[in-house]
Amino acid sequence: MAPLWMLLVGRAAVRRHWYLILATGLLWSLLGILVVIDSLDGALHVPDRWFGLILLAEGVSSLAVGVSALGAARRLRLFKGVLLSIMAVLIMMATRHSTFLLAMIFGIAFTVDGVVRITIASLLKFTGWRISVALGALSVAFGLFHLQPWPTWYAGTVGYCIGMFLILNGANLALVGLRTRRLGAEEAGPPAPAAEPGSLTVYVWTPTGQATTPPASG
């Protein structure tokens, strides 16, 4: 997301307004928390069918793109389109059986997504990997919460999913804002010494440390 903004408005502008990205992410997450709380009684102020229509439009769009795609992209697009269309129909049906099926689908999806997040972050240990592990654990907990009936007996499934989607995406957006700030601070370090006119400066990056495996004798 941040690289796309940098291309559209420029890297300097994105770095200067990192706090807006952070604030938007926090507000997005807060909105998700409010939606989850609102759904604890099994109902949403906004009718579920509107979210179903949005999901159906996304599913049809994915199917249309998948028809013209090739190879693995085609299969993934078609699978995504079919899955989103089925979920949209279940949302608009709004019956006891449809909400139960939605709870199972979303619960499994959130659980698998969380396990994948935790596994990748634990193996790669990239910058901020502990935060990714925490978000993965939150996704797993929410998936398990979906799979059990309390407190609305699956009537609040749609609201929970919308709220959790907003929470996770808002948290990711806030992390993008923090990374953008750090990126700007790193690039704003001490300036490199000016080179003489007509000279060429070559920078060489080499790994540190030493190999533990002795070279094979020829």
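Throughout, residue positions are numbered sequentially from 1 according to the sequence presented.
- The shortest non-hydrogen separation linking S62 to G81 is OG-N, 3.5 Å.
- Here the closest non-hydrogen pair linking L56 and A88 is N-CB, 3.4 Å.
- For R117, the CZ atom is densely surrounded, since the number of other residues' heavy atoms within 6.0 Å is greater than 12.
- With R74 contributing its side chain and V67 its backbone, the two residues share a donor-acceptor pair below 3.5 Å.
- Here D38 contributes atom CG and I33 contributes atom CD1; the two are 13.5 Å apart, rounded to the nearest 0.5 Å.
- Transitive grouping of hydrophobic side chains (ILVMFWY, heavy atoms separated by less than 4.5 Å) brings L124 and V116 into a common cluster.
- Residue T24 holds its OG1 atom at 13.0 Å from CG of N169, rounded to the nearest 0.5 Å.
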Full working for side chain to side chain contact (heavy atoms under 4.5 Å, CB included) between L147 and M104: CA-CA 6 Å; L147 295 175; M104 297 300 104; 4.0 Å; yes
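- In terms of heavy atoms, S139 sits closest to F110 at OG-O, 2.7 Å.
- Here CG of L135 is found 14.5 Å from CZ of R130. Values are rounded to the nearest 0.5 Å.
- For the atom pair L175 CG and S132 OG, the distance stands at 7.0 Å (nearest 0.5 Å).
- Remark: the backbone N or O of T119 is not paired with any side-chain donor or acceptor of S122 at under 3.5 angstrom.
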Stepwise side chain to side chain contact (heavy atoms under 4.5 Å, CB included) test for N172 and V176: CA-CA 6 Å; N172 287 329; V176 168; 5.6 Å; no
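- Scanning both residues, G107 and T111, for their nearest heavy atoms gives O-OG1, 2.7 Å.
- A continuous path of Ile, Leu, Val, Met, Phe, Trp and Tyr side chains, each step under 4.5 Å between heavy atoms, connects V140 with V112, placing both in one hydrophobic cluster.
- L27 pairs by the side chain to side chain contact (heavy atoms under 4.5 Å, CB included) definition with nothing, not counting sequence neighbours.
- Linking Ile, Leu, Val, Met, Phe, Trp and Tyr whenever their side-chain heavy atoms come within less than 4.5 Å leaves M164 and L34 in two separate clusters.
- Distance CZ/F79 to CG/L84: 9.5 Å, rounded to 0.5 Å.
- Note on ring orientation: taking the six-membered ring where Trp is involved, the planes of F145 and F142 are tilted (angle from 30° to 60°).
- Once rounded to the nearest 0.5 Å, the distance linking CE of M87 with CG of L101 reads 11.5 Å.
- Other residues, nucleotides and ligands contribute only 12 or fewer heavy atoms inside 6.0 Å of the CZ atom of R75.
- Looking at T157, I86, L102, L53 one by one, the single match for side chain to side chain contact (heavy atoms under 4.5 Å, CB included) with I91 turns out to be L102.
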Residues L76, K80; criterion side chain to side chain contact (heavy atoms under 4.5 Å, CB included); working and verdict: CA-CA 6 Å; L76 289 174; K80 176 185 175 182; over 6 Å; no
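- Of all heavy-atom pairs spanning Y154 and A103, the tightest one is CD2-CB, 3.3 Å.
- In this structure, L30 is not a member of the same hydrophobic cluster as L138, with clusters built from ILVMFWY side-chain heavy atoms closer than 4.5 Å.
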Steps toward side chain to side chain contact (heavy atoms under 4.5 Å, CB included) verdict (I105, H146): CA-CA 9 Å; I105 293 173; H146 255 300; over 6 Å; no
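- Looking at every heavy atom in both residues, V133 comes nearest to A121 through CG2-CB, 3.7 Å.
- The hydrophobic cluster containing W28 also contains I37, counting ILVMFWY residues as joined when their side-chain heavy atoms lie under 4.5 angstrom apart, directly or transitively.
- A distance-only check finds no donor-acceptor pair linking the side chain of S61 to the backbone of A57 [under 3.5 Å].
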